[in-house]
Structure formats: structure tokens, C-alpha cells
Amino acid sequence: MNAQDIQARFAPQGLDHPAERLGPWRFLRTLIRNPLETWPRALFEERSMRLDFAGRPLLFVMDPAAVDDVLVGKADIFPKAPIVQRAIGAAVGTKSIFTAEGADWRWQRRASSPPFRHGTILGFVPAFAEAAEATARDLAGKGQGTVDIAEAMMKTTFDVIVETMLSGRGGFDIERFGTEITRYFDTIGWVAAYAVLGLPQWVPYPGRKGARAGNGFLRKEMARVVAERRAHPGEVPDLLDFMIAAKDPETGRAMTDAELADNLLTFVVAGHETTALALTWAIWLTANAPEVERKVLDEVASVAGDGPIEASHVEALVYCKQVIQEAMRLYPPAPLIPRISTEATTLGEDQIFANMPVYVPVYAIHRHKRLWDEPEAFAPERFRPDLARALHRGAYLPFGAGPRICIGAAFAQIEAVVIFATLMRAVRFTPIPDHRPMPTTRLTLRPEGGMPMTVARR
Ligand code: HEM
């Protein structure tokens, strides 16, 4: 495939990373619209890049060894950057599993880990397959209609998270939930711009009131679920039961209702939106690559025939897994991992001083010219198991790395493979001619305006 072909089939439309630094006003305007558009081309070519915002220096690291230092080797001196608290602290609390640090974080991580063991995850495969089959029936029933695949995937993975982590006992209004999360996420560009300018959190911005109101709704919903569960514990413990029962080994204390609600919201949001996006991009990329689609269909037919995808099939769906991995390389659902140094140190040749923000731009590392052959091409063969083993941990990190690596990584990968295999076999997805999605960063990497595609029963 030549470069033009690759560009036309898989590259983001209209996303032209600036060759030069943007002037301050253009930078802020672009940051508010779509932070990804402010990323200079150098991020895709250099080992690291220092930028100064309003007199404050910030280092982007792209060199895999330095990335590994930040997230793994020197993780102790690189906690999450304050922008994380600022962007999501209002939504999920400042001391939840995602936002806490040190001992505060460690025991919450331990308390939440039982549902994420490999054997337990395999027990969830029927729930993954059923959610996908329900979506397939729904999509196939649309005739030759146009559907927003992003929305369909959000609904599917939301069903999964409620079914697996809350024993199906949420009683949530899924549509309202999605609307409120989006309303909150849509203001993230403003939050980032204000953080760059050093403005205090109380300064108003467009959409702030709506975002707060929406967040109030989400938190109330979580508080309701916690109260109901305290009154009626589950027979077979799920994530919420484990968190209720957990005690901090150092202090002996359990989580308060507010902490439980914060963590529950973290899991529901972190656990469905990201996987839905991985699936959305994987379906779109595959629909643009008939040779990949053929291989997927052959593999699913030979592994599972016409029957439901089962736990015993997961290992054998090797190529489907490669497609998901490659989709997360090109369109990582979490495109940026922000950290800050607590003391002076070095990263490769870069001198780092205390309180210097150090960002890991996953999206740029995954398309870096020094790290990948034809970085823009969609080539699931890159993740053939023998080749994938040779990849540097700091060069491919859709789930992060080190102690704060995604707790749901294995869950998400198995879930995505099962849903992808089930949907591809049942539904033909066709891209809308001339529509190429524009990725926007709203914490996660979403296609602007959704992902419209034509669907038909296979
Ligand atoms: C394709 C799907 C997913 C992607 C790409 C993804 C990505 C990530 C990344 C990059 C981080 C690390 C952030 C950092 O170091 O700053 C993270 C953390 C986290 N993820 Fe995921 N995630 C996915 C699915 C899930 C699922 C299914 C769950 C739960 C059911 C989940 C729950 C969490 C939690 C609780 C954390 C915080 C962990 C901690 O700090 O100890 N994620 N995720």
C-alpha cells in the first residue's frame, strides 16, 4: 500500500499537527477545541520535547527508555500530575483509586483487584458475548441503516460493566448516564486551558454549570447504588461487595459511602468508555481494510463456528486480538499520561527539576517515526505474538505501565476480543463514503461527532 493510500484509508481527517509552536492565543483556542491538535509534529519525531507555557516548562517524553523510567523505574518520584485532579477530581473525588497516591491508593487498588483475576475474567465471557449478541440483533434489525457505532459500543460496554462489576444491579438510565459523562468531558479543554494559564478552579467557563449538574446526577446515582447494596449485599460478591468489605491493612479503616461512590463512578466510567472506543476504532479500521476483515471472519468461523464465543475460544482468537491491539496503537483510548516530578532527576539527556510536569503522549509514541514502520498504516501483523514480544514496554502502552497500569487491562482485552468477534461475524459494517473521523481528546480519544457507519445483517 502506498503512503497516499494509507493516508486516505486510516489517517485522521483534517488533523494537521503544527510544524511550529502555535502562538499563545491560537494555542489556547485550539486547546479548548481539541488538545490533540496542539501537539507539534516534533512529538512524532523527537525523543523528547520541552515546551514552555506561560513561563512554566513541561517535558513530553517519547523515548521508550525514558517513558519506562517515568512510569516504572522512577514511578515513586513521578506521581500523577495536578491536571489529573483538576480534570476529574470534581467527578470522581480526589482520593479515589484513580486519583489517590501512596498508601491511600495502594489499599484501594488491592481492595478492588479480586474481580480482575484471569480466572474470574474468563467467567465473564458469557456476559461479554450476550451483550454483543444483543447489540448485533439490534444493529441487524436496522436494515441498511446508518448507525453511530460509538454510541452502540458505549451501550454494549456499559451493559457489560453493570452486569459483571455490579451483578446487573444498577438500575441505571444508560442514555442519561452517557449524556452527562459527555457533558462533563466536553469541558475538559477549558479545564486544560485554565490549568495552563494558572487560573484558579472557581473561575467560570462555558458549560461548567451543566457539567457540574450532570456530575451531581452521576454521584447521586452512585450513592443510591451504594445505599441499596449496604441494605442488600450480593450473594456472590462482586466489585462493590469487595470494596465494601475491604479494610486498609495499615489503619484498619473501611471505605466511607462517599469513597465507595467515588470508586464506583471511577470504575463505571473508566471501565466502559475506553473499551467502547477501542471497539469503535477497531470496527472502523477493519471496515476500511477488506483483507483484515476476511482474516477476522475466517478466524472466528474456524474457532467458534456459528455458536457463541466461549471462554475456551479466547486464546485461539489470536488475530482478533491483534486487530484490537493495532487499533489501540493508532487510536489509543487514553492518549496522554500526565505525571509530575517530586524531585530533581534526569531522563536520558533531559534534566528534570522538582515540580516539573512530565507528560507521556501515548498517541504520538504509537505513531512515532523512529519506533514504527509506516506508522500510519493499519497492520495487525505487527502484533503477531512473536513480533509483539520484541516491542519495548515504553513504545506501546495503551494501558499505561508500572504500578498505576490499568487495573482493567486484561478484562478490557478479553472483553473487546469477544465483542469484536461476535459483532464482526453477525454484522457487515460499511464506512460512510468520504467520511473520515476526526479524533478529539476529551481525556479519552473520541471520534468527533460519533462514528456513523452503515450496518447490515451478514
Ligand atoms: C481499552 C480499554 C481501556 C484502556 C485503554 C484503559 C487505559 C487506562 C490507562 C492508560 C490507565 C493508567 C492511567 C495513568 O497511569 O495515569 C488506566 C487506569 C485505570 N483503569 Fe483503565 N483502561 C481501559 C479499560 C478499563 C476497564 C475495563 C476498567 C475497569 C473495569 C478500568 C479501570 C481503570 C482504573 C480503576 C484505573 C486506575 C488504576 C490505578 O491508578 O491504580 N480500565 N486505564
Side-chain angles (χ1 to χ4, degrees), residues 67 70-72 75 78-85 87-88 92-93 95-117 120-121 124 127-128 131 153-154 156-158 160-166 238-240 242-243 262-282 321 324-325 327-340 357-363 365-366 396-420 441 443-446:
V67 167
V70 174
L71 298 178
V72 189
F78 284 105
K80 295 194 177 186
I83 182 90
V84 175
Q85 297 276 0
I88 63 166
V92 302
K95 296 226 180 275
S96 70
I97 181 171
F98 202 95
T99 45
E101 294 289 344
D104 243 5
W105 157 75
R106 210 166 297 114
W107 81 279
Q108 298 190 69
R109 172 99 185 189
R110 235 179 278 136
S112 318
S113 58
F116 297 101
R117 296 192 182 119
T120 313
I121 299 172
F124 294 144
F128 301 157
M153 291 307 104
M154 294 286 173
T156 313
T157 55
F158 192 95
V160 164
I161 210 79
V162 173
E163 195 54 42
T164 56
M165 296 292 144
L166 287 167
D238 59 16
L239 175 69
L240 181 53
F242 280 114
M243 292 196 303
D262 283 348
N263 276 326
L264 205 51
L265 186 56
T266 304
F267 275 101
V268 173
V269 176
H272 92 281
E273 154 111 14
T274 42
T275 316
L277 289 170
L279 281 160
T280 301
W281 291 110
K321 183 174 176 192
I324 301 288
Q325 287 173 312
M328 289 196 295
R329 180 186 68 82
L330 281 171
Y331 295 97
L336 177 72
I337 302 182
R339 297 289 195 257
I340 189 163
V358 175
Y359 285 10
V360 177
V362 178
Y363 178 90
I365 294 169
H366 284 187
Y396 180 69
L397 50 157
F399 296 103
R404 303 306 291 257
I405 193 169
C406 176
I407 196 172
F411 178 99
Q413 287 186 81
I414 296 178
E415 175 191 7
V417 165
V418 172
I419 295 176
F420 181 69
T441 35
L443 285 183
T444 52
L445 194 77
R446 296 174 158 209

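As the structure lists them, so they are numbered: ligands from 1, and atoms in each ligand from 1. Because the structure is a prediction, the values reported are computed rather than measured.
Distance check, rounded to the nearest 0.5 Å: CD1 of Ile337 to CD1 of Ile405 gives 9.0 Å.
Short contacts between ligand 1 and Phe98, defined as distances under 4.0 Å to a heavy atom of the residue, involve ligand atoms 18 (C), 19 (C), 36 (C), 37 (C). Interface atoms of ligand 1 facing Arg339, defined by a heavy-atom separation under 4.0 Å, are 14 (C), 15 (O), 16 (O). Within ligand 1, the atoms closer than 4.0 Å to a non-hydrogen atom of Ile407 are 32 (C), 33 (C), 34 (C), 35 (C), numbered from 1 in the order shown. If you number the atoms of ligand 1 from 1 as listed, the ones under 4.0 Å from a heavy atom of Gly400 come out as 10 (C). Heavy-atom proximity to Trp105, at under 4.0 Å, picks out these atoms of ligand 1: 39 (C), 40 (O), 41 (O). Close approach to Phe267 involves these atoms of ligand 1, each under 4.0 Å from a residue heavy atom: 29 (C), 35 (C). Those atoms of ligand 1 that come under 4.0 Å of a heavy atom in Phe411, given as number and element, are 27 (C). If you number the atoms of ligand 1 from 1 as listed, the ones under 4.0 Å from a heavy atom of Arg109 come out as 38 (C), 39 (C), 41 (O).
At distances below 3.5 Å, at least one donor-acceptor pair connects side-chain atoms of Arg329 with backbone N or O atoms of His366. Side chain of Asp238 to main chain of Thr164: no donor-acceptor pair is present (N/O by atom type, distance under 3.5 Å, no hydrogens or angles). With hydrogens and angles ignored, the 3.5 Å screen pairs a side-chain donor or acceptor of Trp281 with a backbone N or O of Leu445. Panel note: side chain Arg404, backbone Glu101; no donor-acceptor pair is recorded below 3.5 Å.
The cationic group of Lys80 lies under 6.0 Å from the six-membered ring centre of Phe98 and within 45° of the ring axis, placing it in a cation-pi geometry.
Side chains of Ile419 and Glu415 form a contact here, defined as non-hydrogen atoms less than 4.5 Å apart. At least one side-chain heavy atom of Met328 sits less than 4.5 Å from a side-chain heavy atom of Pro333. Between Thr99 and Asp262 the shortest side-chain heavy-atom distance does not fall below 4.5 Å. You'll find the side chain of Met165 reaches within 4.5 Å of the side chain of Phe124, heavy atoms only.
Of the protein's non-hydrogen atoms, the one nearest atom 6 (C) of ligand 1 is Phe399 CD2, 3.7 Å. Protein heavy atom at the shortest distance from atom 30 (C) of ligand 1 is Ile161 CD1, 3.5 Å. Atom 12 (C) of ligand 1 has its closest protein heavy atom at Arg404 O, 3.5 Å. In this structure, atom 26 (C) of ligand 1 lies nearest to the protein heavy atom Gly271 CA, 3.4 Å. Protein heavy atom in closest approach to atom 5 (C) of ligand 1: Pro398 O, 3.4 Å. Of the protein's non-hydrogen atoms, the one nearest atom 8 (C) of ligand 1 is Cys406 CB, 3.6 Å. When only non-hydrogen protein atoms are considered, atom 23 (C) of ligand 1 lies nearest to Thr274 OG1, 3.2 Å.
Geometrically, ligand 1 and Thr275 share no nitrogen or oxygen pair separated by less than 3.5 Å. Geometrically, ligand 1 and Thr266 share no nitrogen or oxygen pair separated by less than 3.5 Å.
For Phe128 and Phe411, the ring centers sit closer than 6.0 Å to each other.
In the model, Thr444 has a side-chain atom that pairs as donor or acceptor with a side-chain atom of Glu273 under 3.5 Å.
In this structure, Leu397 falls outside the shell of residues with a heavy atom less than 4.0 angstrom from ligand 1. The closest approach between any non-hydrogen atom of His272 and ligand 1 is not below 4.0 Å. In this structure, Gln108 does not count as a contact residue of ligand 1, since none of its heavy atoms falls inside 4.0 Å of the ligand.
Contact annotation for Lys80 and ligand 1: only side-chain heavy atoms (C-beta onward) come within less than 4.0 Å of the ligand.
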The test is side-chain contact (heavy atoms from CB on, under 4.5 Å); show your working for Phe267 and Ser112 and say whether it passes. CA-CA 10 Å; Phe267 275 101; Ser112 318; 3.6 Å; yes
